Chemist: 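Questions regarding the structure given below will be posed in turn.
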Amino acid sequence: QLEYCRLDRAAELLGCEVSDLIHFGVTERVAIYLFLKDSPTALVSFPKITDAFPQHQDLCEKGRFIFDLNTSMRPFGFGVIERDDDGNIVSFESEPEFKAELYGLWRLPPYIMTDIDNDMLPDMEDLHIRVSAVTSDGDFAYADLKEWGFRPTVHDCYLKNVDLIRIDECFTNNGNTKP
């Protein structure tokens, strides 16, 4: 019934090792997420918003976009907005990328999991990770993390409920043994 859990807790629930879950992440059998709680600033590419801004004006006014209950971002701006005297948008020049603060579970690329597991990440000045999030209707946003205050470890990595259930069902329903 957990929405998400850390890799060590997931391994305990599944009766396997954390290294098994990392292997599943590296081989793209599960999605592994980084939990961002300090709202680092990132450069975000989110075509659904930037390509159709006037339809998403409420996002800029609310100041927050929620992907799901556990993932959100607060954009700083999408481009140059020109309004008439009544406040209606007359023109808008979108930017393909914009700065935003990220919060919650953002998917890690598979190749980075091995570096995190082996504590082989580059120095913080050189650390650049592209995380992603998906909306309920399948639209992707990508964020390039460069400005953050911590070096991620395995303890910052999580599995969502859907992958936890899928792995458990694979082990139990198909007669497969645990790794």
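Everything quoted here is computed from the prediction, not taken from an experiment.
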Chemist: Would you check if the side chain of N161 reaches a backbone N or O of Y4 as a donor-acceptor pair within less than 3.5 Å?
Modeler: no
Chemist: One pair to check against side-chain contact (heavy atoms from CB on, under 4.5 Å): Y158 and L105. What are the steps and the verdict?
Modeler: CA-CA 8 Å; Y158 289 74; L105 298 170; 3.8 Å; yes
Chemist: Taking all heavy atoms of P110 and all of G25, pick out the closest pair and write down the distance.
Modeler: CB-O, 3.4 Å
Chemist: Side chains of V131 and R107: does their closest heavy-atom pair fall under 4.5 Å?
Modeler: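 No, too far: nothing below the 4.5 Å cut-off.
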Chemist: Please report the C-alpha distance between V154 and D156 in whole Å, then the side-chain angles of each, then the deciding distance to 0.1 Å, and finally whether the side-chain contact (heavy atoms from CB on, under 4.5 Å) criterion is met.
Modeler: CA-CA 5 Å; V154 171; D156 300 308; over 6 Å; no
Chemist: Under 6.0 Å between the ring centres of F35 and W106?
Modeler: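 That pair fails the under 6.0 Å test.
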Chemist: Please find the pair of heavy atoms, one from V44 and one from A141, that lie closest to each other, and give the distance.
Modeler: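 Smallest interatomic distance, heavy atoms only, reads CG1-CB, 4.4 Å.
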Chemist: Taking the six-membered ring of Y33 as reference, does the cationic atom of K160 (NZ for Lys, CZ for Arg) lie under 6.0 Å from its centre and within 45° of its axis?
Modeler: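 Yes, K160 sits over the ring of Y33.
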Chemist: I'd like to know if R166 and E169 make a salt bridge, using a cut-off of under 4.0 Å between side-chain N and carboxylate O.
Modeler: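 The answer is no: the pair does not qualify as a salt bridge.
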Chemist: Check M113 against L7 and note the closest heavy-atom contact, atom names and distance.
Modeler: CE-CD1, 4.3 Å
Chemist: Check each of D163, L164, L159 against L21 using the side chain to side chain contact (heavy atoms under 4.5 Å, CB included) test, and report the only one that passes.
Modeler: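 When side chain to side chain contact (heavy atoms under 4.5 Å, CB included) is applied between L21 and each of D163, L164, L159, only L159 qualifies.
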Chemist: Are any of the side-chain heavy atoms of R6 and H155 separated by less than 4.5 Å?
Modeler: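 SC-SC contact between R6 and H155 confirmed.
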Chemist: For F67, does its backbone N or O pair with a side-chain atom of T71 as donor and acceptor, under 3.5 Å?
Modeler: no
Chemist: Same cluster or not: L2 versus L69, using hydrophobic residues (I, L, V, M, F, W, Y) connected whenever any side-chain heavy atoms lie under 4.5 Å apart?
Modeler: no
